[in-house]
2 protein chains.
Amino acid sequence: MREDRTVAAPASNGVRSVNRALALVDAAAMAGQGGLSLGDAAEALGVAKSTAFNLLKTLVAHGYLREERPGPRYLLGMSLMRLGDLVGQHLPVAEMSRALLRELTAATGLTSRVAVVDDGCPVFLERVDGPGMVRFHTPLGFREAPHASAAGKAILATYDDARVRAICEAEGLVPHTRSTIDTVDGLLADLEQTRARGFAVDDEEAAEGVFCVGAAFSDHQGRCLGALSVTGIRAEAPPSRLLQIGQLVREHADRLTKDMGGHLNEVPASLDTRPRRGERG
Amino acid sequence: MREDRTVAAPASNGVRSVNRALALVDAAAMAGQGGLSLGDAAEALGVAKSTAFNLLKTLVAHGYLREERPGPRYLLGMSLMRLGDLVGQHLPVAEMSRALLRELTAATGLTSRVAVVDDGCPVFLERVDGPGMVRFHTPLGFREAPHASAAGKAILATYDDARVRAICEAEGLVPHTRSTIDTVDGLLADLEQTRARGFAVDDEEAAEGVFCVGAAFSDHQGRCLGALSVTGIRAEAPPSRLLQIGQLVREHADRLTKDMGGHLNEVPASLDTRPRRGERG
DNA sequence: AACTCCGTTCGGTACAGCCGAACGAGATTC
DNA sequence: GAATCTCGTTCGGCTGTACCGAACGGAGTT
């Protein structure tokens, strides 16, 4: 993974001890099942052991970390699970899509996920793993790249070209595999195809050997809220099956739109005759 | 809700700004979909607005909160979802039990959950909702009372009487309904029954009209790790069905024990000659 | 147009949090 | 079994930061 280690320092802004404390949570998250020792924590922050000690104790008191005895090692705590669960409950999308995801997984045999849009990027809220032996590394709450994921392209396909260009400029077209689209024009052409067929395809563009199919859903005003997507192994998906899967994803996304009080009559993604009206707000 | 407002002040111990920051996260969690305004935050903490402002900004920078425009309101952020998901991944139990929970729900038509033991209390890690219209308020990462839940009693049943008494003393036998067991002797008698039949029953002891059935699972050393439980409406569960459900839960818990490399040797508490981990607060 | 209500910015100051040193428990080596 | 080492934990003094209050600016309301 190409993870930056600079999580600790949002620099100029913010309250120092809070920054440090949250950096410790991140450190514990990265440490995995092994957890952190006091020494690890102090070193990760570049502070004295006693400082790290106080911060750790504070986090433990709030249940953000738990200390595993003996030789106390610090692991992620139960409060985080409780809070993470609440995030999902506060977003009605997660709740409403759960049944649909289960259906999608049952029908396709693939891992299904739902993402909401955040600054043009898909953020995954909920996941139902497929029955296969292969598990994908698809953490919840994770921002994926918009240009290199089916959900992302499904979302972008609901925007006009100008907005897509703006997002590309902000995010950058970072390559993930050999197949990742790395030019704006290439992306716009792909989005045109996406609109025509009603669903987006990521053909080994995010990870080698892995494909995704995604379709967007929207609210009652027709604004894109997010996307459903399914993920599987490229080798197991012949082109014919891909079309069938795409239509399934499209149908489920439409049902989600309806469930959320939206209407499909206006501007479905399958019609590329989108009148580019300037949007306000 | 009868929530204490004293989350903010673990007082003597801990780093003040971190305590305040995490109290803000809790406040945002309680605020629900509405979120917090800056004024709310300042008032909840009893600090100046500018102070709350800095703390909120710091939390937003880390993704613990997100600001919803306009008139910025602060809601729980995506980092919490990501971290909450990681907690589950770091605990192998959650992963391994997922398929079992799905089976249990399919077989019984009830909501299934898995809990791990934390200081004698069950903490729920994972949940699979049943198909019924009724949804139970069962947040993940939540500590339930050991004496008033099926999972809790299933866990206690693996301990010896002395340890049960110690836990009762520490936690207190808080009544939840008219049926809640509120004496230590009553609890010990119930645990004896639990051991005899192999599963624990909560008959409207946690909430009126709701029943739970739970069974414990253990690790390779025979130490209790946690419990599986199912939850349903009391009126829909005739005694005959209860027995059948109990056996199903028992079987699935045993399978989980095996999956985790454990053996199903009898002897729950008597062999467990480690009274408790000595620790002072 | 004036008023009000919020969010946001900006310094000065008190005190909270940081550091370093010292203590104690467990493990490891000879 | 004693000595040594490592690591967690405690304590007090100093420093710098996080807090407060006041002032600013924009949006909605009368």
Side-chain angles (χ1 to χ4, degrees), chain A residues 8-25 27-28 31 34-62 64-77 280-281, chain B residues 7-28 31 34-62 64-77 274-281:
Chain A
S12 55
N13 240 342
V15 178
R16 188 175 59 164
S17 27
V18 177
N19 278 328
R20 285 176 170 174
L22 302 190
L24 278 185
V25 175
L36 289 175
S37 70
L38 174 60
D40 295 339
E43 195 188 5
L45 260 60
V47 300
K49 279 191 299 180
S50 51
T51 304
F53 181 73
N54 283 326
L55 292 169
L56 288 171
K57 274 286 181 94
T58 308
L59 289 166
V60 169
H62 286 264
Y64 279 59
L65 298 180
R66 42 187 265 270
E67 34 182 18
E68 188 90 350
R69 303 266 171 184
R73 302 198 69 83
Y74 295 89
L75 306 160
L76 295 182
R280 66 218 84 184
Chain B
V7 195
S12 55
N13 239 343
V15 177
R16 187 176 60 163
S17 28
V18 177
N19 278 327
R20 287 176 168 174
L22 302 190
L24 279 184
V25 175
D26 265 324
L36 289 175
S37 70
L38 174 60
D40 295 339
E43 195 188 5
L45 261 62
V47 300
K49 280 191 298 181
S50 51
T51 304
F53 182 73
N54 283 327
L55 291 169
L56 287 171
K57 274 287 181 93
T58 308
L59 289 166
V60 169
H62 285 265
Y64 279 58
L65 298 180
R66 41 187 265 269
E67 36 183 16
E68 188 90 349
R69 303 270 173 181
R73 300 197 72 81
Y74 294 90
L75 306 159
L76 295 181
R274 59 196 73 231
R276 70 215 132 127
R277 17 183 144 177
E279 61 186 2
R280 66 230 72 193

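Lettering of chains follows the sequences in order, A, B, ..., and the numbering in each one begins at 1. Here the structure is a predicted model, which means the values were calculated and not measured.
Positionally, the nearest nucleotide of DNA chain D for K57(A) lies more toward the 5' end than for the other of K57(A) and S17(A).
Applying the side-chain hydrogen bond (donor to acceptor under 3.5 Å, both in side chains) criterion to Y64(A), with sequence neighbours excluded, gives no partner residue. Shown here are the side-chain contact (heavy atoms from CB on, under 4.5 Å) partners of D40(A), two or more places apart in sequence or in another chain: L36(A), S37(A), R73(A). With sequence neighbours left out, the side-chain hydrogen bond (donor to acceptor under 3.5 Å, both in side chains) criterion links T58(B) to no other residue.
The distance from atom OH of Y74(A) to atom CG of L65(A), rounded to the nearest 0.5 Å, is 8.5 Å. Once rounded to the nearest 0.5 Å, the distance linking CG of L24(B) with CG of N19(B) reads 11.0 Å. One distance of note links CG of N54(A) with CZ of R16(B); it measures 14.0 Å at 0.5 Å rounding.
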Taking only nitrogen or oxygen atoms into account, show me every contact under 3.5 Å that the protein makes with nucleotides 25-27 of chain C, one pair per line with its distance.
none

For nucleotides 4-7 of chain C, which of its nitrogen or oxygen atoms have a protein nitrogen or oxygen under 3.5 Å away, and what is each distance?
residue: dG7(C); atom: OP1; partner: L38(B); partner atom: N; Å: 3.3
residue: dG7(C); atom: OP2; partner: G39(B); partner atom: N; Å: 3.3
residue: dG7(C); atom: N7; partner: K49(B); partner atom: NZ; Å: 3.3

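Counting non-hydrogen atoms under 4.0 angstrom, S50(A) reaches a base of the nucleic acid.
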Residue pair V25(A), H62(B): steps toward the side chain to side chain contact (heavy atoms under 4.5 Å, CB included) verdict:
CA-CA 11 Å; V25(A) 175; H62(B) 285 265; over 6 Å; no

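Protein chain B contacts DNA chain D over a range whose 5' and 3' limits, counting nucleotides with an atom under 4.0 angstrom from a non-hydrogen atom, are dC19(D) to dG21(D).
For the helix from dA1(C)-dT30(D) to dC30(C)-dG1(D), the rotation axes defined at the first and last 5 base pairs enclose an angle of 40°, given to the nearest 10°.
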Which atom pairs, one a donor and one an acceptor, fall under 3.5 Å between side chains of residues 43-50 of chain B and the rest of the protein, sequence neighbours left out?
none

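For the pair L59(B) and L22(A), the minimum side-chain heavy-atom distance is below 4.5 Å.
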